[in-house]
Each structure stands twice: as structure tokens, then as C-alpha cells.
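Letters A, B, ... are given to chains in the order of the sequence lines, protein chains preceding strands, and every chain is numbered from 1.
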2 protein chains.
Amino acid sequence: MPITVQNSNSTVEDIVARLTEAVHEHKVQPGTKLREDEVGEIFGVSRTLVRQALHTMEHSGLVTIERNRGAFVAKPTLKEAREVFEARALLEPQTAHAAALRTTADDIAALERHIENEHRAIEREQAGLALKLSGDFHLEIARIADQKIVEGFLHQLISRSSLVIALYWRRRNALCESNAHHALVKALRDRQADEAEELMKQHLLDLLTQLDLRERPSGPTSLRDVFS
Amino acid sequence: MPITVQNSNSTVEDIVARLTEAVHEHKVQPGTKLREDEVGEIFGVSRTLVRQALHTMEHSGLVTIERNRGAFVAKPTLKEAREVFEARALLEPQTAHAAALRTTADDIAALERHIENEHRAIEREQAGLALKLSGDFHLEIARIADQKIVEGFLHQLISRSSLVIALYWRRRNALCESNAHHALVKALRDRQADEAEELMKQHLLDLLTQLDLRERPSGPTSLRDVFS
DNA sequence: TAGGCATAAATTGTATACAATATGATTTAC
DNA sequence: GTAAATCATATTGTATACAATTTATGCCTA
């Protein structure tokens with residue numbers, strides 16, 4: 001199903017944001033082809049800007065571009081899926097630690113509002129939105145830690161996590177991780193850096209166990225993928 | 001001084017590679033403006049491909065693009081410089097550990113040849129080349145560890161490291177770190193994963209102490225940078 | 001002479017046109 | 001009837017043309 005919105009005069013950033021949102025909320029499946037004309041028509045811009053947007057998304061790992069064949073929503077393999085969470089496990093605990101040492105009252109307030117939104121999304125069974133907000137929560141912590149470069153990496157990793165979850169999530173309905181987020185905020189507020197680090201590590205492990213990263217991925221979209 | 005090579009029919013990858021090499025070897029200074037038609041003329045392609053190349057390099061942190069103003073060789077601030085090495089310290093020790101568990105005899109041979117080349121470059125006082133090879137050595141270890149995502153991040157970090165070194169290196173002439181690389185290869189060959197991890201951690205600390213990341217960066221290229 | 005304004009030149013931003021490649025349908029050979 | 005080859009179509013790759021913006025130049029005024 002194509003995206004049903006029809007804008008015009010969008011900027012590259014708009015296109016990236018809208019497409020990213022669609023992927024994050026699982027409105028487009030991994031493997032979906034993104035034709036340049038089609039995307040351009042939807043957003044009311046020429047292929048030039050679409051190409052820029054698609055290249056940007058390729059660099060963030062959300063899109064795969066095959067020469068002369070086009071752009072596709074990325075489809076992480078089992079191995080890549082594991083690597084995403086391994087990399088997050090390397091970066092995020094330390095980020096939580098650093099964030100705890102720098103958090104302001106405003107930051108805490110923003111995080112708590114954020115968790116409110118997450119709860120609301122879960123209550124209303126807006127799974128896609130809840131997932132996106134959950135990712136944003138992690139990014140917000142990186143922002144508080146004031147580590148721009150790591151934040152950029154996390155941006156990529158969390159984007160990819162969304163794809164991984166779309167492909168490998170075990171029980172689609174259950175999504176009840178907000179307790180972990182709440183505990184994290186508490187540790188940040190109390191400046192318990194070590195505690196925050198440990199909570200984050202555990203939180204990521206919990207996420208990982210909810211994924212089915214032991215068996216084979218679902219079938220490929222095209223036979224070509226098998227023999228490439 | 002402009003790059004003096006004049007090719008034609010280059011691909012985007014060529015342009016990225018050549019420009020990256022020039023930056024790595026400090027043939028173009030941080031802050032240098034990269035005009036699109038100038039680069040296009042040098043490589044014999046239209047602005048279309050140049051733009052793609054510059055955007056790619058922006059994503060890898062080597063180039064900064066300001067809207068309507070153009071592309072510049074990135075000029076890491078003191079804070080960014082520190083963050084680069086902090087991020088490397090988070091990723092690389094674990095990478096070395098993982099590499100030690102997977103290294104083959106061929107890998108060891110390749111690494112030893114690599115160190116040979118580094119020595120040769122240092123002997124011939126080709127500082128730029130030596131620096132590039134040193135970075136490649138670290139990337140090679142990530143490749144051996146078979147961690148694609150972390151390898152991608154390291155690619156960015158090592159690129160940026162080159163800029164950092166260009167700006168903040170204390171003693172330009174001294175470049176004698178190959179002992180550390182040799183010790184690392186030894187640990188990898190002997191499957192001493194913990195040892196390799198520790199050596200890498202120490203190696204990165206040594207690099208950091210050779211940088212002058214305590215004081216102010218050198219003056220900006222344009223006054224505009226000061227007040228932006 | 002210094003500052004500001006208008007104008008011209010240079011440079012980047014975006015759309016379009018054409019070329020190259022891949023995809024799919026039809027034909028042809030066996 | 002199947003498989004290979006051929007052609008037509010669709011899609012991406014690259015260059016060019018034009019628009020928007022910035023930067024530089026010269027003129028005017030105080």
C-alpha cells in the first residue's frame with residue numbers, strides 16, 4: 001500500500017522525515033521498493049530531491065540502494081540484527097552513565113512527559129507510534145549526555161532497531177517496556193550514574209530476549225536476493 | 001593549492017576516495033572550501049556526481065555542508081575531537097577482542113604486511129601515507145572481527161581522527177606508534193583476546209596523550225565561523 | 001574615507017532532458 | 001512446449017538548463 005499523503009514543495013528533510021516515520025511505524029514493509037518517480041509524485045518534488053533523501057536514508061541504514069535497480073526499505077539479516085543490538089550494548093550504557101551526570105530538572109520533566117506519551121500510545125494500541133516514541137526516548141538520553149557523535153550512531157542504530165523489530169519481533173501484541181524507562185529516569189534524576197548504566201544494559205538485554213534472533217529470517221522478497 | 005590531478009569519467013566512489021585520500025594525507029586543510037564545479041572539472045564529471053560525493057563525505061563526517069554556502073573540509077572542534085576518541089575507546093577494544101577470536105593465518109599475514117608498509121612510509125618520511133595506513137590498520141581489525149556495523153562507525157571515526165590529528169597533533173614529526181600495532185598483531189595471532197583488548201585500549205590512550213586536546217583550537221578560516 | 005545601498009557576478013538549489021541499464025513481453029529456434 | 005533471443009517499456013544514471021541565493025563590486029552619500 002502506497003503512502004496516501006500528497007504534499008508539495010517538500011524539502012529533502014521533509015521527505016526523509018516522512019519516509020523514516022513510515023518505516024518506523026511499519027507502514028511500509030522491509031524490502032518494499034521505493035521508486036523515485038512515485039516518491040517524487042507523493043511529495044510533489046522532482047527526482048533530484050528524492051534521490052538525495054534516499055541516499056541520506058541509505059547512510060542511516062534504513063534504505064538499501066542497488067545500482068541501476070533502485071532503493072528498497074532495508075531488510076536486516078539475522079546477523080545484522082544481532083550486530084545492531086551488540087553495538088547498542090556497547091554504546092548506550094555508557095551514554096546513560098554520562099547522561100546521569102549532566103541531567104537537569106528540565107531534562108527530567110521532558111523525559112517524564114515522554115513516558116506519558118508512550119503510555120498513552122500503548123493504551124490506544126498505537127503500536128507503531130509507541131515503538132517510535134520508545135526509540136526517541138533512547139535518543140533523548142544520548143542528547144542529554146551531550147555526545148554528538150555517539151548520538152549520531154545511536155540514531156542509526158535505533159532506526160535499524162525498528163526494522164529489526166518489524167522482522168523479528170516474537171509477540172507482536174505485547175509491548176510493555178515502559179517500566180524500564182521509568183526506572184531509568186529515576187536513576188538519572190537521582191544522579192545514580194552507575195545504576196543508570198546497569199539499568200540500560202539490562203534494558204537492552206531484555207529487548208534482545210524479546211526478539212527471535214536465533215532462527216532464520218523470513219523469506220526474501222525476490223529470488224534475486226537469494227543468489228546475489 | 002588545488003588538487004593537481006585531472007581525470008575524467010570518474011565514478012562517485014572515485015571522487016569520494018580521491019578527496020578522502022587528500023584529506024587523510026593533509027593535502028587539503030580543514031576549512032577548505034570545495035566548490036562544486038571546481039571539483040567537477042578536476043575529475044571530469046558534472047556537478048551532479050560531485051554533489052553526491054560531497055553528501056557522502058558529509059555523512060562520514062569529513063565534510064560540512066552549509067545550505068546555499070557550499071561544502072567545506074570539516075574542522076572538528078575541541079569537543080568533537082575528544083568525542084571521536086571517546087567513541088573509539090568505546091568500540092575498538094571490544095573489536096580487538098572479537099578479532100582475536102576469529103583471526104586466520106591469512107589475516108595475520110595481511111596485518112604483518114600492513115605493518116611493513118607503515119614502517120616503510122615512516123622511513124621515507126611520508127607522514128600523510130603513514131597516517132592513512134595507520135588508520136587502515138584499525139579498520140582491518142574491525143573487518144577481521146566481522147562486525148559490519150561497528151566497522152562502519154569506525155570508518156567514520158578514523159576518518160575524523162585524521163582531521164583531528166591535522167588540527168591538534170602536538171609534534172608533527174614524531175610518528176612512531178607501530179610498536180603498538182606489532183604487539184597487537186602478536187596478541188591476535190596467539191588468540192589472546194583479553195590481551196588484545198587491553199593493548200587496544202592502551203594504544204588509544206597513547207594516541208590521545210599525543211594530541212593537544214586541552215587548549216583552544218587554531219583560528220577559524222573565516223570570521224563568519226566565529227559568530228555563526 | 002567609511003558606510004550603506006544597488007547592481008553584477010559567482011555559486012548553489014532544483015527541475016528537466018537525455019543516456020544507460022534493467023525488466024518484462026513477444027517471438028523464434030529447436 | 002521449452003528455452004533462448006529480441007524487442008519494447010519502465011526505471012535509474014548523468015548532464016544540462018534554469019531559479020534562488022549568496023558574495024563581490026562599484027557607486028553614492030554623509
B:Ile144 vs B:Leu111 side-chain heavy atoms within contact, under 4.5 Å: yes
Would you list the protein and nucleotides 5-11 of chain C atom pairs, both N or O, that sit under 3.5 Å from each other?
from   : atom 1 : to      : atom 2 : distance (Å)
C:dT11 : OP1    : B:Arg35 : NE     : 3.4
C:dT11 : OP2    : B:Arg35 : NH1    : 3.4

Partners passing side chain to side chain contact (heavy atoms under 4.5 Å, CB included) against A:Ile108 (at least two apart in sequence or in another chain): A:Thr103, A:Glu112, A:Val185, A:Leu188, A:Arg189
Pair A:Glu140 + A:Arg143, salt bridge at N-O below 4.0 Å: yes
A:His138-A:His203 side chain donor-acceptor pair, cut-off 3.5 Å: yes
Expected rows: protein N/O vs nucleotides 14-17 of chain D N/O, under 3.5 Å:
from   : atom 1 : to      : atom 2 : distance (Å)
D:dT14 : OP1    : A:Arg67 : NH2    : 3.3
D:dA15 : OP2    : B:Ser46 : N      : 3.2
D:dA15 : OP2    : B:Ser46 : OG     : 2.9
D:dA15 : N7     : B:Thr48 : OG1    : 2.7

salt_bridge(B:Arg102, B:Asp107) N-O dist < 4.0 Å: no
Option passing side-chain contact (heavy atoms from CB on, under 4.5 Å) with B:Ser10 (candidates B:Leu49, B:Ile15, B:Val50): B:Ile15
d(CD, B:Glu41; P, C:dT12) in whole Å: 13 Å
Side-chain donor/acceptor of A:Lys33 to backbone N/O of A:Arg69, under 3.5 Å: yes
Sidechain-backbone polar pair: A:His114 side chain, A:Leu133 backbone, donor-acceptor under 3.5 Å: yes
